[in-house]
Amino acid sequence: MLARECIVSAPGKVILHGEHAVVHGKVALAVSLNLRTYLRIQPGAAGRVSINMPNIDTFLSWDMSSLHALLPASRAGLQNAVEPDAAVVLKLREYAGLGDGLEDTRSLAVLAFLYIYLSVFAESRELPSLTMAVWSELPTGAGLGSSAAFSVCLSAALLASRGAIACSAVEAGQTARWSDEDLELINKWAFQGEKIIHGNPSGVDNAVGTWGGALRYLSGKIKPLSSTPVLRILLTNTRVPRSTKVLVAGVRDKITKFPAIMNPVLESIDPISCECERILMAMARGPEIQHYRVLEELIDINQHHLNVMGVGHPSLDRLCQVSLAHGLHSKLTGAGGGGCGITLLTPDTDSSVVERSIQELKDCGYDCWETSIGAPGVLHHSPSSLTEDVLKILNSY
């Protein structure tokens, strides 16, 4: 049995600059998004494991004896996050009644839970009864790192329950961070969860969810920025569906067809990311209004580049037009072709401008939130540190 409840949260992510160019060996900057996923595990009914994920309408409960039969034969130590094995994943699919090939959000979340839960407790061979509740502020399938935030939360909570990382009580109204060593372990296991969900992830999303702030990604190498300012933004979901795979292939085809035109575009995006990184580091030491002006210019320049690459969309053009009419600057984030965009808010942006912008974007049929980027990574919460709404949802299960 678990000794106590454990409540954790992790942020989503947005790509600030470098989307698509990163596929071709250029720098990308990813930053944490302060729309968070919250997860609570607590002692459950004896002999039962229950999971409750109302965002994706998933409520399941299993008998402990049947789960014991699924424990992997390998007893690899917790420091060695075990690579998902296709045969094991198939076995878990069969157990959960998820047909081979089902790739919907619900099925993949259930698989990730079963895999990490069984793997974390494989060495001890003692599975705890527990009840898990998850609530997310992040929309799924929008390229905002919702699956990684879930994997990070799941890994942190289960590792803490296993005693592999610290799980001391958090003072009322407070949150706590783990040590760098513990964060490394959380990230390793979250990466395995991402592999279950995405097959061959870059590792960027789970790294952002774990450490928060901003990180630089180049040719498979991830480097967190030493310090990052928290920046206010509007996040807009155009609700236009798109296929990342198709958009990436389209950019590749355009480069093949017009190499003399497109290669310089890629080369130009690289210094945009690098200049943004330099400005963020300077702002962490002391933000000045001219820093925001540079960030606004970089946003405009990069958005034009992305349109040249063929990943724009009329819905994103409309976002840029609406925000610019209010003196604000926007760009797509992620794959493009619809999806989401970000709008920078500066210290001198009046609240009435923000309110009018949000309303006009909602009138376009978009979802829009005022939030921030550069937020902390995975956090351990006391119940009273949560908002009333989040706590009410988690307490419902």
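- With hydrogens and angles disregarded, no donor-acceptor distance shorter than 3.5 Å links the side chain of Trp135 to the backbone of Pro54.
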List, one per line, each side-chain donor-acceptor pair under 3.5 Å for residues 241-260, sequence neighbours excluded.
residue : atom : partner : partner atom : Å
Ser243  : OG   : Lys245  : N            : 3.4
Ser243  : OG   : Val246  : N            : 3.2
Thr256  : OG1  : Arg252  : O            : 3.0

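- Smallest separation of non-hydrogen atoms from Pro128 and Tyr117: O-OH, 2.8 Å.
- In plain terms, the two heavy atoms of Cys368 and Leu361 that are nearest each other are SG-CD1, 3.9 Å.
- In this structure a side-chain-to-backbone donor-acceptor pair under 3.5 Å is missing from Thr343 to Ser330.
- Note on Lys91 versus Glu94: no salt bridge recorded, every NZ/NE/NH1/NH2 to OD/OE distance being 4.0 Å or above.
- Within a 6.0 Å radius of CD in Gln290, other residues, nucleotides and ligands contribute more than 12 heavy atoms.
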N/O donor to acceptor pairs below 3.5 angstrom from side-chain atoms of residues 219-235, sequence neighbours left out:
residue : atom : partner : partner atom : Å
Thr228  : OG1  : Ala214  : N            : 3.4
Arg232  : NE   : Glu370  : OE2          : 3.4
Arg232  : NH2  : Glu370  : OE2          : 3.1

| task | Go through the steps to decide whether Arg239 and Asp367 satisfy the test side-chain contact (heavy atoms from CB on, under 4.5 Å), and finish with yes or no. | result | CA-CA 7 Å; Arg239 304 174 71 178; Asp367 293 327; 3.5 Å; yes
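- Under a 3.5 Å cut-off, the side chain of Ser315 and the backbone N or O of Gly338 do not form any donor-acceptor pair.
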| task | Before giving the answer on side-chain contact (heavy atoms from CB on, under 4.5 Å), spell out for Arg216 and Leu29 the whole-Å C-alpha distance, their side-chain angles and the decisive distance to 0.1 Å. | result | CA-CA 5 Å; Arg216 171 190 232 262; Leu29 287 181; 4.2 Å; yes
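- His68 pairs by the side chain to side chain contact (heavy atoms under 4.5 Å, CB included) definition with Met64, Leu71, Leu127, not counting sequence neighbours.
- Using a 4.5 Å cut-off on side-chain heavy atoms (C-beta onward), Met132 and Asn52 make no contact.
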| CA sep, side-chain torsions, deciding dist, call: Val110, Met53, side-chain contact (heavy atoms from CB on, under 4.5 Å) | CA-CA 10 Å; Val110 171; Met53 298 184 281; 4.3 Å; yes
| message | Determine whether Arg40 and Asn395 satisfy the following criterion, side-chain contact (heavy atoms from CB on, under 4.5 Å), listing intermediate values before the conclusion. | response | CA-CA 9 Å; Arg40 183 189 68 181; Asn395 282 340; 2.7 Å; yes
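- In the hydrophobic clustering of ILVMFWY residues, with side-chain heavy atoms under 4.5 Å counting as a link, Phe121 and Ile41 come out together.
- Clustering ILVMFWY residues whenever any of their side-chain heavy atoms sit less than 4.5 angstrom apart, transitively, puts Val134 in the very cluster that holds Leu158.
- For the pair Met309 and Ile269, the minimum side-chain heavy-atom distance is below 4.5 Å.
- Inspection of the Asp317 and Gln321 side chains reveals no N or O donor paired with an N or O acceptor under 3.5 Å.
- Contact annotation: the side chain of Leu391 never approaches that of Tyr38 to less than 4.5 Å [non-hydrogen atoms, C-beta and beyond].
- The shortest side-chain heavy-atom distance between Arg36 and Pro376 falls under the 4.5 Å cut-off.
- The shortest heavy-atom contact between Thr175 and Ser385 is CG2-OG, 3.8 Å.
- To the nearest 0.5 Å, atom CZ of residue Phe59 and atom CD1 of residue Ile51 are 10.5 Å apart.
- Follow the hydrophobic side-chain contacts under 4.5 Å out from Val322 and you never reach Val240; the two are in separate clusters.
- Between the side chain of Ser32 and the main chain of Gly212, no donor-acceptor pair closer than 3.5 Å is present.
- Counting only distance, with no hydrogens or angles, the side chain of Asp270 and the backbone of Val27 share a donor-acceptor pair below 3.5 Å.
- The residue from Asn187, Ile186, Leu185 that alone fulfils the side chain to side chain contact (heavy atoms under 4.5 Å, CB included) condition with Leu183 is Ile186.
- Atom CG of Leu111 and atom CZ of Arg106 lie 10.5 Å apart (nearest 0.5 Å).
- Rounding to the nearest 0.5 Å places CE of Met283 at 9.5 Å from CD of Glu288.
- Sparse packing is recorded around CD of Glu171, with 12 or fewer heavy atoms of other residues, nucleotides or ligands lying under 6.0 Å away.
- The closest side-chain heavy-atom distance from Pro139 to Trp369 is below 4.5 Å.
- For the pair Phe113/Val49, a side-chain contact is recorded, criterion being any heavy-atom separation below 4.5 Å from C-beta on.
- Of the possible donor and acceptor atoms, one in the side chain of Asn55 sits under 3.5 Å from a partner among the backbone N and O of Ser136.
- For residues 16-26, every residue pair satisfying the side chain to side chain donor-acceptor pair (under 3.5 Å) rule, not counting sequence neighbours, is listed here: His17-Asn302, Glu19-Lys331, Lys26-Glu267.
- There is no path of hydrophobic side-chain contacts, each under 4.5 Å, that joins Leu215 to Val31.
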| request: Could you go through the side chain to side chain donor-acceptor pair (under 3.5 Å) check for Ser268 and His305 one step at a time? | output: CA-CA 8 Å; Ser268 182; His305 279 69; 2.9 Å; yes
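- Within the 3.5 Å criterion, the main-chain N or O of Ser273 finds no donor-acceptor partner in the side chain of Arg278.
- Closest approach of Gly12 and Leu138 over heavy atoms only: CA-CD1, 3.6 Å.
- The closest side-chain donor-acceptor pair between Asp348 and Thr346 falls under 3.5 angstrom.
- Cys6 contributes atom SG, which lies 10.0 Å from atom CG of Leu159 (distance to the nearest 0.5 angstrom).
- Asp63 and Ser66 are not linked by any side-chain donor-acceptor pair at a separation below 3.5 angstrom, with hydrogens and angles left out of the test.
- A continuous path of Ile, Leu, Val, Met, Phe, Trp and Tyr side chains, each step under 4.5 Å between heavy atoms, connects Leu98 with Leu154, placing both in one hydrophobic cluster.
- At distances below 3.5 Å, at least one donor-acceptor pair connects side-chain atoms of Ser382 with backbone N or O atoms of Gly173.
- Put simply, OH on Tyr115 and CD1 on Ile197 are 13.0 Å apart, with the number rounded to the nearest 0.5 Å.
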What pairs of donor and acceptor atoms, side-chain ones from residues 140-150 against any protein atom, are under 3.5 angstrom apart with sequence neighbours left out?
residue : atom : partner : partner atom : Å
Ser147  : OG   : Glu194  : OE1          : 2.8
Ser147  : OG   : His198  : NE2          : 2.8

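- Here the closest heavy-atom approach between residue Leu39 and residue Ala157 is recorded as CD2-CB, 3.6 Å.
- No donor-acceptor pair under 3.5 Å is formed between the side chain of Thr37 and the backbone N or O of Ser9.
- Here the side chains of Glu137 and Leu33 are not in contact, with every heavy-atom distance at 4.5 Å or above.
- Here Ile15 sits alone; no ILVMFWY side chain lies under 4.5 Å from its own, so it joins no hydrophobic cluster.
- Gly193 and Ser151 make their closest contact through C-OG, 3.6 Å (heavy atoms, listed as atom of the first residue, atom of the second, distance).
- Rounded to the nearest 0.5 Å, atoms OG1 (Thr387) and CG (Asp389) are 5.0 Å apart.
- Contact check for Leu332 versus Asn307: no side-chain heavy atoms found under the 4.5 Å cut-off.
- Side chain of Arg177 to main chain of Val378: a donor-acceptor pair is present (N/O by atom type, distance under 3.5 Å, no hydrogens or angles).
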